[in-house]
Structures are given as structure tokens and as C-alpha cells.
Engineer: 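First the structure, then my questions, so here it is.
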Protein chains: 2
Amino acid sequence: MKERRRLADHKSKVTLSEVARLANVSEITVSRIMRNKGPISEVTRQRVMAVVNKLGYVPNRIAGSLASARSNIIGVAIPSLSNIVFPEVLRGIHAGLKGTDFQPVVGVTDYDLDAEEALIRSLMAWKPAAMILAGSDHTGSAQQILVQSGIRIAELMDIDVEPIDIAVGLSHRSAGYDSGRHLIERGYRRFGYIGHNWRDDRRAKLRYDGLCQALSEAGLQVVAHSMVEGASSTLAGRAMTANLLANDPTVDVAVYSNDDMAIGGVFHCLSAGIAIRERLAIFGFNGLELGDALPMVLSTMRSNRFLIGKIAVEKIMENLAHRSGPCVVDTGYEIIAGETA
Amino acid sequence: MKERRRLADHKSKVTLSEVARLANVSEITVSRIMRNKGPISEVTRQRVMAVVNKLGYVPNRIAGSLASARSNIIGVAIPSLSNIVFPEVLRGIHAGLKGTDFQPVVGVTDYDLDAEEALIRSLMAWKPAAMILAGSDHTGSAQQILVQSGIRIAELMDIDVEPIDIAVGLSHRSAGYDSGRHLIERGYRRFGYIGHNWRDDRRAKLRYDGLCQALSEAGLQVVAHSMVEGASSTLAGRAMTANLLANDPTVDVAVYSNDDMAIGGVFHCLSAGIAIRERLAIFGFNGLELGDALPMVLSTMRSNRFLIGKIAVEKIMENLAHRSGPCVVDTGYEIIAGETA
DNA sequence: ACAAGCTATGATAGCGCTGTCATTTCCGCA
DNA sequence: TGCGGAAATGACAGCGCTATCATAGCTTGT
């Protein structure tokens, strides 16, 4: 009997009331001490903490959240972990959360809105304190769930449409536009575009639209396209660059859907002996660190992925309780002139 | 009064009992339906589901977990999100979890064991169904918490030491050893090593040790080192390559702590006009996709990060309830001959 | 025709914690 | 000396769900 007691004590059953009993105080006192809430005398605190440490007591947040009707969970739904930009956003989120005791619960949607809806439902079941999503495209039901939840919602990456609550990101449309202006100013006239699946990556499409507008205003247009099915990758960028030049040898600049693709372009040129910039200029999007390390610095546009995640969290934390009307934070972008365009 | 009721109904208070009341069944019946558990007649199911959909009822998992003393959370503690390998492991974890209704809760330790301990405590408070960690280095307390918890514990990346429960990864020591053998066979004799912070990345050190052993068995040694403070990066790899060659122009092969660094080496050679392989051979570790897309395919060793995450989850799911004695899964590695060494 | 064994449903009692509203103790100051 | 009020603690009633055991109807087989 004695042994059984000890086993039970040590494994499954170290609860608040156990601690309270051994420390000769009420449960609520222990609870207050664990949460640093309410006035507690130093003597009691130490006596209780001694017991806590001895038993290795870890408060059960599930019970706590149920009782207080609030959790310290932040739901995060991102489209993919393969595309480097999302881990970077996650990094920003983690950085913003550091020091708080909020925990992100991360799900991946694979760019599928129905999967996103299912994920949102599943995350909502944990009564998160806030939700962070990528983009502002959601199914009707998902949108409704988000709106009705009343919690803070941050929609990241994109600020081209009105958010439910908070949007943090940049205008991809005007980023594309400014890329176009920049390249026109540098004297390029025969534009090629190398991209990937627009259905998944709607923001790439927005940048393309912006680019076209800039060209059109200058009486120009994209004269050749090479689009790859599926996701962006450096290998795809390499292949599509070869493809583009084969289709239309007159292009003097290739604009890529992102840096992964553009770096593939650089590699193709290096290995095919094509003079970058003189023969073909290359312009990307994102400003990945890698672009900086290339034999020639990649010309691109920096988006601040880390910052987007971090600021989203900060905005949420500013007032966890109430939405304050749609709020848009523009994290901007910055042209990196580089050496490839 | 009527309006107030409706508001309350629609926002905060869509609970099991509410659904049960409107569907004219008991709470437990609704609970069974939501969980697909126990025998339920088709008629009842449909009647209840109609109410569920009408109210937009989402079960509260917090309450559910408390009542059932089990959660569908998987705690994940990784050292970093900056190093591409961990997002890939995460991807594997998500892939393995797909189709189950488990949710990963991810925390980042920044390679700090004390931070890891704090994180483990914090994750444990959610009574996770299992924990996934990187590496087998933990503080004493962390180790104790993990052992005592009784839940499944997977320690990833590394199988060079005995795990608490499950280990999935590869022997970095023998990977390093085999790199050495491979390069010796190819005729290289003057080895340089380019690495990053060993305190953070203990596995890189293991690979180095393995390399040295292979060299030593062949009567060789590493004749020059260039180590960068801090984390690995392509830029650092570039700089350290220049540095290495300046220090000892006789080296004919550089082994890098990982592909990020090695790719930097490739870039340095490309931009300094150094003949890769003829003048300096380059060998990495990880087998990143990017290595394949380079102008010359990177010679390296493939570690299967995605698989490590996926298999860890599968092993855990095999028997969620009980540990079955230490279990080690070797996901192996594979030499990619490539064109740089 | 009736025990045995289904299937479908319900009543009850918590899970481990926190919010709310007391209650007690102790201090400073008139 | 006594009183107002802050500091310290506690009792109690849930939070929203699920485990457990019980109950009612309905087939079966012999």
C-alpha cells in the first residue's frame, strides 16, 4: 500500500491540491503563487515553492485554461514549410513571442483553402488567444469563424485587401510595379518573366500584375514567359531560364517570381557562359541572404519576412483583448540594386 | 432580453449542452457523435449534426483534454529555425501527423540547454501525447522530466548515444568517417576543414571527429582549419574559404561543416576564378536541394531530414501509450559524388 | 418463449484549475 | 486606544467536456 501511494504520488498525480496539502495552504494560494498574482507573503511563497520543487509540480495548463476560459496558445496557419519565407516568418513570430508565455501551435495548409479551413477549426478548438494566418484568402466559413471568434487575427504577407483585424506585410502589387520602374530606368526594354504556379502563390501574381502595369505605362510589355508547373525552386528557375532564352533570344532582362527562381537563373547563366547583365539581366524578389553570397550579388527586392512575423505578434500583444478596427502595417520593401540587373 | 440571449448564443456560448438541448438528446450523445465513438443511430447523428452546423459548434478541446486526461498535442523543441535543416524536419513531422488530429506545438531553444529545459517544462504543462526533441543533450532536470513523464519521447538527428525512448537520425561520427574515406579514395591528401561554432552544433563536431579518424587511419590529417564564430552561413563559407587558402595554399580539398558553408566555398571559387576540383575540391554535408542546382553539382553527403521527422512521428504513433525500451532508427546517409570533389 | 447479447442512449461524477466573493490579520495614524 | 483599510488567505462553484456504469429496447438461438 505504501509503495503504491508513493508511485502514484510521483508519476501521474502531482496536482495543485497535493501541493497545497503538503504546504498547509489552500489550493488558491498555490495557484496565486504559480501565477504571480495577488498578494502573497514571502514566507508562504517560499514554503510553497519548496514543496513545488520537491514534487516537481508542473501546473496543468489545460485545467487552467478551462477554468479561466483563456489559453496562452497562438494559432498559426502557414501555407508551407518548404518555401523558405515561411520559416522566416515563423522565426519572427517566435522572436516576438519570446519572453511571453504564449505558445504557437503551427499548422500547414499546403496552399489549400479547404485545408486551411479545417486547420482553423482545429486550432480554434484550443481557444487560442489569437490567430496568425498567411494571406487574406479564406473560405467563407473560415472567414466567418475568424470574424465571430472575436480574438485577434493577424493576416500576414499581403496588405492589398482589407483585413479582418490586423494585416502585416507589403503591397505586392506595388512591389512589382516598382521593380518594373527600376528596371526600365536602368535601360532594359525586352522583358521576360519566369514564374511558378500562380494559383498557389497569389502574391507572385500580384507582383506580376504590378510589373505589367509599370511596363504598360512605359509603352512596354513582357515579351516572353516561362512558367513552371508547381512550386518555385532553384532547379526550376535554371530550367525555365534556358527555356526562356530558347523561346525568345531577344529578351534582355528576366524578372523572376522570387529569389529561388532567380538564383536558378544565375546558375544557368554561369554554367552556360551567358554574361549576366550584359547579355541577360536577372531580377528576383525576396532578398534572401543567399543572394548576397552569390558570385555576383543578386538584384532583387527585399521583403522583410522576419519583421512581418515579429510585428504581427507585437500588434497582437498591444491589445490582446479587443480588436480596434482594421489595422494595416506596411513593412515595406527595398530594392537591392545588386550586380545582376 | 431576447436580443441579449441571441447574442450570447452566437458568440461565446456554443457548448455541448447547448447542442444537446436543441437536438433533444443528452450531452454524451453529442460528445460521442463528435468523436465518432460508440454506437449511434444514423437518424440521431444527422439530427445532431444539423444542429452542430447551424450553431457552428466547435468542440472545446481544452475541456475535452481535461476530462479525458489526454491531449492531442505533440510538443516539439528544435534549436533553431534559421538553419534550413530544422524546418525540413518540421516538414517531416507535419507530414507524419497529417491525417491524424494531433497538433504540434513548436518551440525554439536557440541551442541553449537551459532554454530547452524551460521550453520542455512549458510544453509539458499541456500534457502532450508525445515530445519530439533535437539531439540527446539535455539538462539534468530536463532529462528527469522527460523520463518521468512516461510519454513517448523522440530525440532526433543523432543516434550516437542511447536515447530515453526513441532516437531517429544518423551517426554523424560515421558520416564524417565515410566522407573522409571517400575523399581519400578519390586521391585527396591535403585536407582543409571549414566549420562553424561547435558548441552550438555538436553534430558538426562529431562529423569532424569521424573525418579525423579516417584521415588518421590513412596516415593523414587535417592540415588547415578555418572556423567561423557563430552560425553557419553561405557568406561565412565564402569568407572562410578565402581565409583557408590564404593560410595554407597547399590544401587540395576543403571539407565543410555543412552545405551552407560549402556552397559559400563554391561561390568563392567561382568568383575568384579558382578551378573547383582541379585546384580545390569542395565537400559538404546535408545534401540540400540547392547543391543540385549549382553550376556544378555539389559533392556532399545526404542526410534525410524530412524522413527523420516523418519516421519519428510514425514510431511514436506505432504505440502512443507505452515505451517499449530504447529504440533507434538509423535513417542513414548517402554520398553524393557530385562535381566539386 | 426467454435468457443472452446486442445496439442505442442517458445519469452522474469528476478532470485540475481559477474567478468571485468572503474572511481574517495586521498595520498606521488620529 | 481604536478604527479604516490594505494585505493575506480561504470557501465555493463552476469551466465544458468525457469515463463509467446503468438502462432500455431489440434481435437472436434453442
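Proteins come first, then strands; the chains are lettered A, B, ... in the order of their sequence lines, and each starts at number 1. Not measured: the values here are computed from a predicted model.
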Engineer: In whole Å, what is the span from the CG atom of B:Asn60 to the C1' atom of D:dG14?
Structural biologist: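 About 14 Å, once rounded to whole Å.
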
Engineer: Has A:Ser68 got a side-chain N or O lying under 4.0 Å from the OP1 or OP2 atom of C:dT18?
Structural biologist: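 Result: no.
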
Engineer: Nearest heavy atom decides the nucleotide; on that basis, is A:Ala63 or B:Ile28 closer to the 5' end of DNA chain C?
Structural biologist: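 Counting from the 5' end, the first nearest nucleotide belongs to B:Ile28.
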
Engineer: Please tell me if B:Tyr57 has a side-chain N or O lying less than 4.0 Å from either OP1 or OP2 of D:dG16.
Structural biologist: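 For B:Tyr57, the contact criterion (side-chain N or O under 4.0 Å from OP1 or OP2 of D:dG16) is not met.
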
Engineer: From the list D:dG16, D:dT9, D:dA19, which nucleotide is the closest neighbour of the side chain of A:Ser41?
Structural biologist: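 Nucleotide nearest to A:Ser41's side chain: D:dT9.
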
Engineer: Is the CZ atom of A:Arg202 crowded by more than 12 outside heavy atoms at less than 6.0 Å?
Structural biologist: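 Count over threshold, so yes.
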
Engineer: Find the distance B:Asn36:CG to D:dT18:C1' and express it as a whole number of Å.
Structural biologist: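 Atom CG in B:Asn36 sits about 15 Å away from atom C1' in D:dT18.
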
Engineer: At 4.0 Å (heavy atoms only), tell me whether A:Leu16 reaches a base, stays on the sugar-phosphate, or touches nothing.
Structural biologist: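 Here A:Leu16 touches the bases of the nucleic acid.
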
Engineer: Do A:Ser17 and A:Thr15 have side-chain N/O donor and acceptor atoms under 3.5 Å apart?
Structural biologist: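 Side-chain D/A pair, A:Ser17 to A:Thr15: present.
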
Engineer: Given atom CD of A:Glu27 and atom C1' of D:dG14, what is their separation to the nearest angstrom?
Structural biologist: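 In whole Å, D:dG14 C1' lies 13 Å from A:Glu27 CD.
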
Engineer: Using a cut-off of strictly less than 4.0 Å, decide whether A:Lys37 has a side-chain nitrogen or oxygen near OP1 or OP2 of C:dT18.
Structural biologist: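 Indeed not, no polar side-chain atom of A:Lys37 lies that close.
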
Engineer: Please report, rounded to the nearest Å, how far the C1' atom of C:dC15 is from the CD atom of A:Glu18.
Structural biologist: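 Taking CD of A:Glu18 and C1' of C:dC15, I get 16 Å after rounding.
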
Engineer: Ignoring hydrogens and angles, tell me if any N or O in the side chain of A:His94 forms a donor-acceptor pair with the backbone of A:Pro104 under 3.5 Å.
Structural biologist: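 Checking the backbone N and O of A:Pro104 against the side chain of A:His94, no donor-acceptor pair under 3.5 Å is found.
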
Engineer: Thinking salt bridges, do A:Glu88 and A:Arg91 make one under a 4.0 Å N-O criterion?
Structural biologist: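 A:Arg91 and A:Glu88: not salt-bridged.
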
Engineer: Out of B:Gln143, B:Glu116, B:Glu117, which one pairs with B:His138 under the side chain to side chain donor-acceptor pair (under 3.5 Å) rule?
Structural biologist: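 Exactly one pass, corresponding to B:Glu116.
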
Engineer: Does a side-chain N-to-carboxylate-O contact under 4.0 Å join A:Arg61 and A:Asp101?
Structural biologist: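 The answer is yes: the pair qualifies as a salt bridge.
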
Engineer: In whole Å, I'd like the distance from the CH2 atom of B:Trp126 to the P atom of C:dG16.
Structural biologist: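 Spelled out: CH2 on B:Trp126 to P on C:dG16 is 16 Å.
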
Engineer: Angle between the end axes of the helix from C:dA1-D:dT30 to C:dA30-D:dT1, five pairs per end, to the nearest 10 degrees?
Structural biologist: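 Between the first-five-pair axis and the last-five-pair axis there is 30°.
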
Engineer: Which comes earlier along DNA chain C counting from the 5' end, the contact point of B:Glu42 or that of A:Arg35, where each point is its nearest nucleotide?
Structural biologist: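 This one resolves to B:Glu42.
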
Engineer: Considering only heavy atoms and no angle criterion, is a donor-acceptor pair shorter than 3.5 Å present between the side chain of B:Arg32 and the base of C:dG10?
Structural biologist: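 Result: at least one qualifying N/O pair found.
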
Engineer: Shortest non-hydrogen contact from B:Leu16 to B:Glu27?
Structural biologist: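 Shortest heavy-atom separation between B:Leu16 and B:Glu27 comes out as CD1-O, 3.8 Å.
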
Engineer: Return the value, rounded to whole Å, for the distance between atom CD of A:Gln46 and atom P of D:dA8.
Structural biologist: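 Value for this atom pair: 14 Å.
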
Engineer: As a test of reading the structure: which of C:dT18, C:dG19, D:dA8 is closest to the side chain of A:Arg70, going by heavy atoms?
Structural biologist: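 That would be C:dG19.
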
Engineer: A:Arg21 has an atom CZ; how far is it from atom C1' of D:dT9, in whole Å?
Structural biologist: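 The distance from CZ of A:Arg21 to C1' of D:dT9 comes to 20 Å, rounded to the nearest Å.
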
Engineer: Is there a donor-acceptor contact under 3.5 Å from the side chain of B:Arg121 to the main chain of A:Val58?
Structural biologist: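 No, B:Arg121 side chain to A:Val58 backbone: no donor-acceptor pair under 3.5 Å.
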
Engineer: Select one nucleotide: of C:dT18, D:dA11, D:dC17, the one nearest the side-chain heavy atoms of A:Ser31.
Structural biologist: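 The listed nucleotide nearest to A:Ser31's side chain is C:dT18.
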
Engineer: Side-chain N or O of A:Thr29 less than 4.0 angstrom from OP1 or OP2 on D:dA8?
Structural biologist: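 Checking A:Thr29 against D:dA8: no side-chain N or O falls below 4.0 Å of OP1 or OP2.
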
Engineer: Whole angstroms only, please: what is the CD1-P distance between A:Ile62 and D:dT18?
Structural biologist: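 Going from A:Ile62 (CD1) to D:dT18 (P), I get 13 Å.
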
Engineer: Once you apply a heavy-atom cut-off of 4.0 Å, does B:Ser65 come out as touching a base, just sugar-phosphate, or nothing?
Structural biologist: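 Contact class for B:Ser65: none.
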
Engineer: Need one value for B:Leu66: base, sugar-phosphate or nothing, where a base atom within 4.0 Å counts as base even if backbone is also close, heavy atoms only.
Structural biologist: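 Base contact.
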
